[in-house]
Engineer: 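Before I ask anything, let me first share the structure, which is written out below as structure tokens.
Proteins come first, then strands; the chains are lettered A, B, ... in the order of their sequence lines, and each starts at number 1. What you see below is based on every heavy atom in this structure, not just the backbone, and it leaves out hydrogens, waters and symmetry mates. The shown structure was predicted, so the numbers you read here are calculated from the model rather than taken from an experiment.
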Number of protein chains: 2
Amino acid sequence: MPTRKKNTLRESVHGSLKAMIVTGQLPPGARVTENDLAVKLKVSRTPVREALNRLEQDGLVVGRPRQGYTVKEFDIQMFREAFEIRELLDGYATELATAKITAADKERLREMVRECERLAALPTRSSGDMFQELQIGMDIHRTIAEISGNVMLCGLLNGILDKCQHYVWMELLRLDEWGIARDEHFEIVEAICAGDAARAVELTRAHIRGSRNNILRLLQAKSDYQSFLARAS
Amino acid sequence: MPTRKKNTLRESVHGSLKAMIVTGQLPPGARVTENDLAVKLKVSRTPVREALNRLEQDGLVVGRPRQGYTVKEFDIQMFREAFEIRELLDGYATELATAKITAADKERLREMVRECERLAALPTRSSGDMFQELQIGMDIHRTIAEISGNVMLCGLLNGILDKCQHYVWMELLRLDEWGIARDEHFEIVEAICAGDAARAVELTRAHIRGSRNNILRLLQAKSDYQSFLARAS
DNA sequence: ACATTCAAAATTGTATACAAAATAGAATGC
DNA sequence: GCATTCTATTTTGTATACAATTTTGAATGT
């Protein structure tokens, strides 16, 4: 329960709830009531209310008037849309970042890639290690967006990544497709550092397309399995 | 004061304030206090607070803790970013819309274009007429995004358009560059209806680029003029 | 006359009280 | 035994009360 310390309780609660949802402590479809969260976080209902409002705009919970809030459910179509948009926006972020990157930024990105490789090479990997590797993998994309210097682009991409993050974790943790992403991240970062914008953009777009296909295939299989179970019962 | 009727006061107030900001009734930089708005809209502070929170996430107001809210100020850089992103996203929306458009949608778009032409051809144009023409002009883009069927794309574009809309109005109303946009809208819609995706996308991107250049030139001139005034005093 | 300090006023942040609506459960009628 | 209705409970929506902080203005000292 990471209770980030912020200036206002509203922001603190918003951060805490976002973390709970993204890490799966609050699973999709879970019913959340203001009162429960208020007592659990030891604040009054007011900041919880305001945090839930923000989360609704974030697209992480859905709230129907006078019916309460539930954690946003799993939605294949949403993923398809998110990744198609990311192919455009991440590609653009890479293009901008290649032009504006500084030496310090290059070191920052390379360090993240190295850390991923270190975690991948561990003799025995705890699920926490895999968790952390995935986290850093997504942070690489967030960092590239930040380096791009386009504030609006960075905000849009962060919002989309937040929406996807916890599903990606849930579904992908056991799959070893992730090894591919590791190499791709390395190549993207090196292309950016080398100043080869065309190559960096194309690698980025291919990387997003590849992730999209992997995840959609996995989600489709899971969906098929569930409808098979439903038909069998 | 357009007080849209919604299920909850929060949403109603949010809509009202958004309209007030977008139409310039609440000008950029204006200080807004919860209490004033509460008495003006005849509700308590609570729904006003929640609406202001949403507006802050919308990027239409900025609020610093315990210092109140102000309507988001004018920012050339933000426009530059917004239009560069729109070139990607509007282009993509056009591509998707060309593939999925129905006969009813075609009629809807053509009717909007016709309405713009009708308003433009009026012998004596009130400022209300010009206002409405601009409104419909932006609604054409929102409609294309809606037709694309990509819900997330539609949401992102609507958010960006909201942020730009009122500045565009303020600055562009007197300029007749708008006549160009009228023709371009016609061509875009016809290309979409003809199913010529490549042409429709390229027209859309060129249209956004053109609008971007016009607006940035105008804003830059205004900014230069203001710094000239400041230096002269 | 100007700067500094202290206090009062205004404004947001948080908590709680009250009202309205929806859901769930029990009781009753068939 | 099942369906239907009514009530009771739960939960959100709104209002208000209180606390904390910031700002502003006046008063005082130099």
Engineer: So that I can tick it off, tell me whether Arg108(B) and Glu146(B) are bridged by a salt bridge, with the cut-off set at under 4.0 angstrom between side-chain N and carboxylate O.
Structural biologist: yes

Engineer: At what distance, to the nearest 0.5 angstrom, does CZ of Arg10(B) lie from CZ of Arg49(B)?
Structural biologist: 13.5 Å

Engineer: For Lys163(A), I'd like to know if atom NZ has over 12 heavy atoms of other residues, nucleotides or ligands within 6.0 Å.
Structural biologist: yes

Engineer: So which heavy atom on Val113(A) is nearest to which on His185(A), and how close?
Structural biologist: CG2-O, 4.3 Å

Engineer: Under the side-chain contact (heavy atoms from CB on, under 4.5 Å) test against Tyr69(A), which residue among Thr33(A), Leu60(A), Val32(A), Val48(A) passes?
Structural biologist: Val32(A)

Engineer: Restricting to non-hydrogen atoms, name the atom on Ile76(A) and the atom on Ser223(A) that form the minimum distance, rounded to 0.1 Å.
Structural biologist: CD1-CB, 4.1 Å

Engineer: Tell me whether Glu107(A) is salt-bridged to Arg114(A), with the criterion being a basic N under 4.0 Å from an acidic carboxylate O.
Structural biologist: yes

Engineer: Roughly how bent is the helix from dA1(C)-dT30(D) to dC30(C)-dG1(D) end to end, in steps of 10 degrees, with each end axis from five pairs?
Structural biologist: 10°

Engineer: Output one letter per nucleotide in nucleotides 12-20 of chain D: B when a protein non-hydrogen atom lies under 4.0 Å from the base, S when only the sugar-phosphate is that close, - when neither is.
Structural biologist: BBBBBB---

